Amino acid sequence: MKDATAMPRFLTPILVALVLVLGAAAADAACLVEYKAKRDAPLRLHYGIIELADAECANPGPAVAGRIAADGWELLTVMGKLTPQQAEQRRSDAGPFYLRY
């Protein structure tokens, strides 16, 4: 007859690994934010969607501004957060600025 505790001992490492993987995924959770930006001389505007780290999601303005500034863009406004489904629906609106930064 098999030991009744053998099954739980066998599952313990698997469950621990699963908890660690899920915990790491939660730590890397991100948000999707839509924004509008501009460049001057000549005036150019763009609408974009950007993915931010979880820590940046509460106040996304500085993170968005910093990333797009590398290419000379100035943030006009952060329009709001999107679900993945909403972001996918707006993908064609963002064009080349969909998850570019």
Side-chain angles (χ1 to χ4, degrees):
M1 183 169 193
K2 292 189 177 190
D3 184 4
T5 59
M7 186 64 139
R9 275 191 247 148
F10 172 76
L11 288 178
T12 300
I14 294 171
L15 292 174
V16 169
L18 181 62
V19 167
L20 290 174
V21 168
L22 292 176
D28 285 341
C31 62
L32 296 163
V33 174
E34 59 183 340
Y35 67 93
K36 290 182 182 177
K38 74 170 187 161
R39 274 191 194 164
D40 290 322
L43 179 63
R44 289 181 278 168
L45 303 171
H46 89 248
Y47 164 79
I49 297 173
I50 189 168
E51 184 174 14
L52 300 176
D54 189 45
E56 300 168 316
C57 292
N59 184 19
V64 174
R67 289 197 202 173
I68 65 174
D71 284 340
W73 292 100
E74 179 184 338
L75 179 65
L76 293 173
T77 186
V78 171
M79 298 168 61
K81 296 177 188 173
L82 302 171
T83 66
Q85 295 79 15
Q86 290 170 323
E88 188 58 40
Q89 290 170 347
R90 293 175 174 93
R91 184 180 197 140
S92 63
D93 295 336
F97 297 101
Y98 180 79
L99 304 183
R100 180 174 182 170
Y101 296 103

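Computed from a predicted model, the values in this text were never measured in an experiment. Nothing fancy with the numbering, it's 1 onward along the sequence.
- Aromatic ring orientation, Tyr35 versus His46: perpendicular (interplanar angle above 60°, classes split at 30° and 60°).
- Pairing each heavy atom of Ala37 with each of Ile68, the nearest pair is CB-CD1, 3.7 Å.
- In this structure, the separation between CZ on Arg67 and CD on Glu51 is 8.0 Å, given to the nearest 0.5 Å.
- No donor-acceptor pair closer than 3.5 Å links the side chain of Lys36 to the backbone N or O of Leu75.
- For the atom pair Tyr98 OH and Arg90 CZ, the distance stands at 11.0 Å (nearest 0.5 Å).
- Remark: Asp93 does not engage Arg91 in a salt bridge, criterion side-chain N to carboxylate O under 4.0 Å.
- Annotation: side chain of Ile49 is in contact with side chain of Leu82 (closest heavy-atom distance under 4.5 Å).
- Of all the heavy atoms in Ala63 and Leu52, the pair that sits closest is CB-CD2, 4.0 Å.
- Under the 4.5 Å side-chain heavy-atom criterion for grouping Ile, Leu, Val, Met, Phe, Trp and Tyr, Leu32 is not connected to Phe97 through any hydrophobic cluster.
- Arg39 contributes a side-chain N or O that, together with a main-chain N or O of Asp71, makes up a donor-acceptor pair within less than 3.5 Å.
- The nearest pair of heavy atoms linking Ala94 to Gly48 is CB-CA, 4.2 Å.
- The line from CG of Leu45 to CD of Glu74 is 11.0 Å long, rounded to the nearest 0.5 Å.
- Side chain of Glu88 to main chain of Gln85: no donor-acceptor pair is present (N/O by atom type, distance under 3.5 Å, no hydrogens or angles).
- Tyr47 and Tyr101 sit in two unconnected hydrophobic clusters of ILVMFWY residues. Membership requires side-chain heavy atoms under 4.5 Å apart, directly or through other members.
- No side-chain heavy atom of Leu99 sits less than 4.5 Å from a side-chain heavy atom of Ile50.
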